[in-house]
Amino acid sequence: MLKIESRLAQIGSIQEPVTGAISFPVYQATAFRHPKLGQSTGFDYARTKSPTRKVLEDAIAQLESGDAGFACSSGMAALQTIFAYFSQGDHLIVSLDLYGGTYRLLEKIMSRFGVTATYVDTNDLDGLEAAYQPNTKGLVIETPTNPLMMITDLELVCTWARKKGIVSIVDNTLLTPYLQRPIELGADIVIHSATKYLGGHNDVLAGLIVTKGKELSEQMAFLHNSIGAVLGPQDSWLLMRGMKTLALRMERHEQNATAIAKFLLEHPLIGEVYYPALETHPGYAIQNKQSSGNTGIFSFKVKDARLIEPILRHIELIAFAESLGGVESLMTYPAVQTHADIPLEIRQQIGVDDRLLRFSVGIEHIDDLIADLSNALSKAQAELEGDSLS
Ligand SMILES: Cc1ncc(COP(=O)(O)O)c(C=O)c1O
């Protein structure tokens, strides 16, 4: 099999048989002519199957070592489609630290349909055992988690889930199949907010699901078509275009993020830095074992919460914005943005407090990024000192 860099670069490039177009075309069609009664070209109606989307779906299934891929209109649409696999009375065990939107979907919507969730550190087998109930049907893992970058040993925990007969679902948004392939480590379903690294350019909203096994793949095809939160042909094409350069981008994201995390570790205004590429991170060894590199996003805490507002005001190259995984660097304040829907006491318990910033490091030149951050920190400090003198 070709190496992953080659498979990424070549997505769709040999699949257009009529003209040989290297870039697979956008089939902007919702209906497909039947040759005659009882016959189909393989495409009938675009919600069920659509040519451009199919190239993307086959590519992600192959990249994640799964059996089937499904492209959705957002990461949340992908999660909703997966959660619809469960029924009233089912219980899920879910990573304690996780994307706020996933928490909101479970607590504010799925709970109304009788699907309940318990949040635990998914790397703790005793905690998993304690959370397990006779009606537990699924395990939902983020690794690394967003935003605290907690790491779960996927092989260990997916083996546990298999023994219990429950479905393991891994959100692989932060690492992508270029760096980590959960199905190879025992997971049943992988989900992506493809809006992030897979798309890579802060310009397409998309979600992807990959399933392993015949029963799950058939069920997911049924749910994907029945719910209908599918990705359109233009966005499918745009996502594939982004994915072609994933390998190069992830390398640069990691290099830049590592250099900035080290810079912040030494900075007098900064307290904790949460990045699994650092040897001091508690998940460092597991991360090294199960993935071939690190993501480009990390979180850190300023020593004094009063620094947050001026830092966000003074960054110039780095944008104060709510996303991650694109070529442009973005800084997010999780407590009031991405994780605002998680109740305060839970956020404080896990550490998503008012001193925490999340930094999605882009692919700009490292010197420019450090200069921008350093400048913002100095100005923020000067303002704080000015305040305390006046
Ligand atoms: C880890 C993770 N999963 C899922 C989502 C939801 O994806 P989307 O914003 O594409 O709906 C996000 C969004 O930030 C995320 O960070």
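What's counted below: heavy atoms across the whole structure, side chains too, no hydrogens, waters or symmetry copies. Counting starts at 1 for both ligands and their atoms, following the listed order.
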Element-labelled atoms of ligand 1 that are located less than 4.0 Å from some non-hydrogen atom of Asn146: 16 (O)
N/O separation below 3.5 Å, Gly75 to ligand 1: yes
Which of the ligand 1 atoms, numbered from 1, are nearer than 4.0 Å to a heavy atom of Met76: 6 (C), 7 (O), 8 (P), 11 (O)
Over-ring placement of Lys49 relative to Phe43, 6.0 Å and 45° cut-offs: yes
Approximate separation, where rounding is to 0.5 Å, of Ser236 OG and Glu57 CD: 7.0 Å
Whether Lys196 lies under 4.0 Å from ligand 1, heavy atom: yes
Protein heavy atom at shortest distance from atom 3 (N) of ligand 1: Asp171 OD2, 2.7 Å
Side chain to side chain contact (heavy atoms under 4.5 Å, CB included) between Phe298 and Leu278, intermediate numbers included: CA-CA 11 Å; Phe298 68 88; Leu278 301 175; over 6 Å; no
Within-cut-off N or O pair, Glu142 and ligand 1, under 3.5 Å: no
Gap separating the NZ atom of Lys301 from the CG atom of Asp353, nearest 0.5 angstrom: 3.5 Å
Whether Phe263 and His267 hold their rings parallel, tilted or perpendicular, with breakpoints at 30° and 60°: perpendicular
Which residue and heavy atom of the protein sit nearest atom 15 (C) of ligand 1, plus the separation: Tyr99 CG, 3.6 Å
Nearest-0.5 Å distance that lies between atom CD in Gln180 and atom OG1 in Thr143: 5.5 Å
For atom 10 (O) of ligand 1, the protein heavy atom that lies nearest, with its residue and separation: Thr195 OG1, 2.6 Å
